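Here's the structure we're looking at; comments come further down.
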Amino acid sequence: MSLDELNEAQRAAVQSRDGAHLVVAGAGTGKTRTLVHRVAWLIEQGVAPGQIVLLTFTRRAAEEMLDRVAAQVGPEARAVRGGTFHAFALGALRRFADTLGWTPSFTVMDREDAEDMVGLVRSELGYAEGKQKFARKGTVLDVLSRSVNTHKTIQEVLSDQYPQYGAFADAFEAIGRRYAERKQAHGVMDYDDLLVLLATLLRDHPEARRKLSSEARHVLVDEFQDTNRLQAEIAVLLSSAHGNLMVVGDEAQSIYGFRGASVRNILDFPKLFPDIQITKLEENYRSTQPVLDLANAVLDSAREGFHKRLRAVRGEGPLPRIVDVIDEHDQADAVVKRILALRAAGVPVSKQAVLFRSAYHSFLLETRLVEEEIAFKKFGGMRFGEAAHIKDALALVRLVANPRDAMAWFRVLGWFEGLGEKTAQKIGDAITNADDPVLDAAQFKGRKYHAALLDLANQLDSWAPLVMEPVSCVEAVIAWYRERMPSIYDDAKRRLKDLDALPLVAERHQSIESFLSTVAIDPIEDAKPDRPEGDDDILTLSTIHSSKGLEWEAVHLLQLADGGFPSAWSLDDDSAMEEEIRLLYVAVTRARRELWLTRPHFVRTRGPTGVGPGCSLLEPIEHLDDLVEFLRHDPEAGADSAASEDLFRRLRSFLDL
DNA sequence: TTATCCGGCGTTTTT
DNA sequence: CGCCGGATAA
């Protein structure tokens, strides 16, 4: 392995001595490369790969890093334990569930299941009734989750976020308690439980803490600015036996405040460790100077932070462009034409990306891309594994693995005509609590759904022996489920082929349990690429959140208008607007060379506040015409023509309407 | 208890 | 607008 390709600061981080180390790494400064080299270096120094824990923000990031380490030091690097906090927590909790009074075979619920359970508890406790409006189930879960992730009381969360329910703190608390009891009784955890319970384990159980932290002789955490209090606590406790904790991050790129992430974690980190080493990476290898000039200007418009300057190693390039368009249609037109023009100029579509604030911002563009036969893959927004029919199939698999999974029964029983919520819950609870957890269809003789239940019971019996064969099991389940789909969904045909992805995922697992754990935490990749046969020049569409850590030669940024980006829900909130600025910073710094920002005059506003034309994020830089070039899109003339009389004529007539 | 209808409220970003 | 949930009818 060669350290020659590293600069001085990077080398200092890579070869750092034991102890705590904070690496402040601006966008594009070789953060990933530094982490990769650090892991490789540790292995070279004789640290066993299995004693290195690399906590990353996404599974994608973990895989990429391990691939690169493996390329440097060989396949033994695969033994490095890596993944998200949630995935790591899952593994640790499986081993120590007993210690915490949980069954080791617990399962993990996704957001929707968790909401449903909260909904059931809510109606049981009678908060659904009464003339006073009460929060809906999703809101209740959100409040509970925020309270956990930010270490705030329910009352504080309500006052901050949902003042309209400020008087109902007792109700939220009561639901929260009953919800927690039920989760433990059913052996299911939600996402928050994974973190809470791991933190509890490490904090309150010295034996477990000693064991876990001595297994992990070096703990490395990526994207530390996006951790919340619980995650920071876990990282610190996990390294308590040896103190070898390296965290890497950039406070300017903190964009997960909505889920409890706190920049304070990274800013206050040095206070925790008197002997801490701090390294700053400031040379940017990714972007041209004009891109960075804009990024710096964006950051200057933020109230707080270090206002650091990024320096380009790459040198000059074209100015970023702000393109004024009339509306979303005009925007889609402009972006498509620009993508094609760049392709003609030698930038393949695969080296371009379209980024946006919210997943739905790209809907219109997606239809245009299909028309133009530009292949694309979209990241962010609704996940494949969240589609109702995928969850249906997985619920069946869960029943094979664990017939006491009450939420899975609830879901499956809901498919049958004449069988509603009450009955489904009753049957589910009965089975869950029975000595022998099987579906006794016979007792429903005479009911409309008797035959269907009988069929289900038989199928489950026939699948039971397949527990050890994930692929056969999943295939068998899917085959049966396919037959039922038309009676569940009007658009069953469209959904059918999605199911093919499941056996492919199952192939990678030795047991059903491992398969199910993985799909609960890691998003399932869609098996069908959104592209015509044989074409691998694929455009990336991504939310800004999902674009983190990635880069493209050309970046197109959509919907720069109040109510679009920045989001309508941030406009009247200073700290939320700060996060929007950091989001813009992240988006801008994804570009290596070409950066195009489209600013529609009219957006469909769906927000609570009145939204006018213009984009407050761009206001601070609007007058800086040495930083950006301003263009107007003219649909008839092409993407980058100067403003035409015709355009203004149409604008005026639009306004009059 | 279930299916259906209708009114009103919230609408983002992810594990 | 979509979807949640309350109200009503079968």
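Letters A, B, ... mirror the listed sequences (proteins, then strands); counts begin at 1. Predicted, not measured: the structure shown is a model, and the values here were computed from it.
In this pair, A:F168 and A:Y165 present their aromatic rings perpendicular. The plane angle is above 60°, beyond the 30 to 60° band.
The aromatic ring of A:Y256 does not sit over the base of B:dT14; the criterion of centres under 5.5 Å apart with planes under 30° is not met.
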Show me the protein contacts with nucleotides 3-10 of chain B, counting only N or O atoms at under 3.5 Å.
| unit_1 | atom_1 | unit_2 | atom_2 | d |
| --- | --- | --- | --- | --- |
| B:dA3 | OP1 | A:G418 | N | 2.7 |

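Ion pairing between A:E386 and A:R111 fails under the 4.0 Å rule for side-chain N and carboxylate O.
Within the 4.0 Å cut-off from OP1 or OP2 of B:dT14, at least one side-chain nitrogen or oxygen of A:S546 is found.
By the 6.0 Å and 45° rule, A:R508 does not stack over the aromatic ring of A:F515.
Atom-to-atom, CG of A:L558 to P of B:dT12 comes out at 17 Å; the value is rounded to the nearest Å.
In this structure, A:F134 has its ring center under 6.0 Å from that of A:F172.
A:G380 comes within 4.0 angstrom of the backbone, heavy atoms only, and of no base.
When each of B:dT13, C:dG6, B:dT2 is scored by its nearest atom to the side-chain atoms of A:R357, the top-ranked nucleotide is B:dT13.
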Q.
Is there a salt bridge (charged side-chain N to carboxylate O under 4.0 Å, His left out) between A:R411 and A:D116? Walk through the geometry before answering.
A. CA-CA 10 Å; A:R411 180 169 196 109; A:D116 285 345; 5.5 Å; no
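Applying the 6.0 Å contact sphere to CD of A:E421 captures no more than 12 heavy atoms from other residues, nucleotides or ligands.
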